[in-house]
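Remarks on the structure that follows.
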Amino acid sequence: MTIGEFARASRLSAKALRRYDELGLLTPARVDAYSGYRYYAAAQVERARLVAWLRRIGMPLTEVRDVCVLHGTDPGAAARTVRAYWARVEAETAARRDLAASLAERLRGSTGMTTTPARPYGLLSAALSERGRVRETNQDRVHAGPRLLAVADGYGEAGERAASAALAVIEGVRAPDRVGDLLNALEDAVRRADTAVGAAAPGSGTTLTSGVWTGDRFALAHVGDGRAYLLRDGALVRLTRDHTVVQARVEAGELDPAEAAAHPDRALLLRALDGAGSGPAADLGLHEGRPGDRWLLCTDGLSAVVPEAEIRDVLAAGSGPADTVRALADLALADTEGRGGPDNVSCVVADVVPAAS
């Protein structure tokens with residue numbers, strides 16, 4: 001088949017075919033030695049159509065190549081790779097959708113894009129971090145203040161130094177005048193925290209879930225498997241996505257949530273702060289807050305062993321933040337099957353209250 005015939009059959013342009021030839025993705029069956037004209041075999045049409053479909057869903061060329069290779073040797077693995085890619089796209093799109101909706105609402109409101117609302121509210125917060133009943137040291141670090149909430153879960157030989165280094169950077173974030181600047185400041189702070197972790201604890205790392213309160217919005221930055229929740233009107237909403245191997249498999253349809261909860265690899269991280277490479281991309285979010293809301297940030301020492309329904313019940317019980325963090329930690333430390341404090345347990349609870357409070 002000439003390149004024109006092959007282009008029509010595969011729905012790829014001649015320009016794209018020449019590009020894919022250069023990349024080794026779709027090599028012609030024969031190239032005329034004198035004219036340089038490309039000829040393709042009819043058997044190559046299926047692979048070309050696969051490339052076209054994968055590019056249509058936005059898959060990067062490096063991943064397209066991987067799928068094509070797998071398709072020839074292990075079609076099931078190729079299918080799982082495509083599902084995993086699309087699950088990642090949907091998760092990233094959901095995060096951007098939430099951010100876009102919040103920013104659009106902010107633009108429509110009377111306060112514009114500033115971080116200082118006309119009627120600001122305050123945070124009443126408390127934090128608690130426990131070593132647990134199994135670990136010899138506590139590598140978690142927490143912060144609860146009137147503007148900043150954060151939890152970090154260190155790992156490795158110097159995990160406590162990694163977590164401390166990350167929090168030291170995040171604690172320096174100050175809310176700029178505009179929401180967009182705040183999200184940028186948080187993103188930049190996560191990058192600096194990654195560098196600080198690499199310098200303070202080479203070979204170790206930490207997760208980080210942190211948020212800055214503006215008076216009516218909570219700007220959230222998240223890397224790893226810590227979690228952030230919002231309790232509003234008795235309903236508990238999870239605001240973060242675990243950056244773990246097991247969560248990626250759940251999103252790809254390879255595991256159901258019940259299998260994931262008991263999976264031996266559930267703590268394997270896909271993103272963390274460790275000072276390696278260019279640093280992980282933080283998930284950023286901007287969430288409206290109003291009086292009566294309750295925020296929870298926690299490490300997986302709580303979320304991995306206590307079901308969300310029980311966490312919700314404690315958050316909704318009506319106790320103040322200090323008593324609530326104690327009650328949450330006690331759930332993880334309870335001497336019952338599957339619990340018993342197998343990991344460090346850390347949580348921060350903050351209530352949105354009138355500023356005068």
Side-chain angles (χ1 to χ4, degrees), residues 62-63 66 70 74 76-77 79-92 94-95 131-132 134-141 151-163 165-166 190 193-194 197-198 201-210 221-228 238-283 297-308 332 338-347:
T62 54
E63 296 182 56
D66 293 340
L70 287 171
D74 188 347
R80 290 192 296 273
T81 301
V82 173
R83 284 197 297 268
Y85 165 75
W86 194 248
R88 189 172 75 241
V89 169
E90 289 185 325
E92 292 170 352
R131 178 172 60 86
V134 175
R135 300 293 178 89
E136 294 182 357
T137 61
N138 187 355
Q139 296 184 314
D140 287 359
R141 295 294 183 268
V151 295
D153 182 355
Y155 62 86
E157 185 176 346
E160 67 282 357
R161 291 206 304 272
V190 171
D194 183 67
V197 168
S204 298
T206 185
T207 69
L208 177 67
T209 303
S210 61
H222 167 69
V223 177
D225 61 356
R227 291 188 181 177
R238 182 172 155 192
L239 304 176
T240 53
R241 167 181 171 266
D242 293 347
H243 299 143
T244 61
V245 171
V246 166
Q247 180 61 32
R249 293 185 63 187
V250 170
E251 293 166 357
E254 298 176 22
L255 295 172
D256 64 36
E259 291 173 321
H263 200 282
D265 295 335
R266 63 184 179 275
L268 290 180
L269 296 169
L270 290 175
R271 293 191 220 173
L273 305 183
D274 57 11
S278 58
D283 287 349
L297 275 60
C298 65
T299 61
D300 67 333
L302 175 68
S303 59
V305 297
V306 180
E308 286 188 359
R339 302 189 190 182
D343 196 357
N344 306 149
V345 183
S346 299
C347 49

Quiz item: Taking Asp153 for the side chain and Asp140 for the main chain, is one N or O donor matched with an acceptor at less than 3.5 Å?
Solution: no
Exercise. Kindly indicate whether the side chain of Val134, heavy atoms from C-beta on, has any atom under 4.5 Å from the side chain of Asp343.
Key: no
Practice problem: Heavy atoms only: give me the nearest Asp194-Pro280 pair and the separation to one decimal. | Solution: OD1-CD, 3.6 Å
Quiz prompt | Leu270 side chain reached by Thr244 side chain, heavy atoms, under 4.5 Å | solution = no
Quiz item: Where the side chain of His243 meets the backbone of Gly224, is there a donor-acceptor pair that is under 3.5 Å apart?
Solution: yes
Quiz item: Of all heavy-atom pairs between Asn344 and Thr137, which one has the smallest distance, and what is that distance?
Solution: ND2-O, 3.0 Å
Quiz item: Side chains of Pro342 and Val305: does their closest heavy-atom pair fall under 4.5 Å?
Solution: yes
Self-check item: Exercise: identify the closest heavy-atom pair between Cys298 and Ser303
Solution: SG-CB, 4.2 Å
Quiz item: What residue among Leu297, Thr209, Val190 forms side-chain contact (heavy atoms from CB on, under 4.5 Å) with His222?
Solution: Thr209
Quiz item: Can you tell me if CD on Glu157 sees more than 12 non-hydrogen neighbours from other groups inside 6.0 Å?
Solution: no
Quiz item: Does any N or O in the side chain of Gln139 come within less than 3.5 Å of the main-chain N or O of Gly156, such that one atom is a donor and the other an acceptor?
Solution: yes
Self-check item: Test item: Arg131 side-chain N/O and Arg135 main-chain N/O as donor-acceptor pair under 3.5 Å
Solution: yes
Exercise. Find the distance between OG1 (Thr207) and CZ (Arg271) and round it off to the nearest 0.5 Å.
Key: 13.0 Å
Quiz item: Considering all heavy atoms of both residues, which atom of Thr206 and which atom of Ala152 are nearest to each other, and what is their separation?
Solution: OG1-CB, 3.6 Å
Quiz prompt | Arg227 side chain vs Asp300 backbone, donor-acceptor pair below 3.5 Å | solution = no
Quiz item: Salt bridge or not for Asp242 and Arg238, using N-O below 4.0 Å?
Solution: yes
Self-check item: Nearest-0.5 Å distance that lies between atom CG in Leu268 and atom CD in Gln247
Solution: 13.5 Å
Quiz item: How many angstroms lie between OH in Tyr155 and CG in Leu273, if you round to the nearest 0.5 Å?
Solution: 8.0 Å
Self-check item: Atom of Ser204, atom of Val197 and distance for their closest heavy-atom approach
Solution: O-CG1, 4.1 Å
Quiz item: Can you check whether Ser346's main-chain N or O pairs, donor with acceptor, with Thr299's side chain at less than 3.5 Å?
Solution: yes
Quiz item: If you look at every heavy atom in Leu302 and Cys347, which pair is closest and at what distance?
Solution: CD2-CB, 4.5 Å
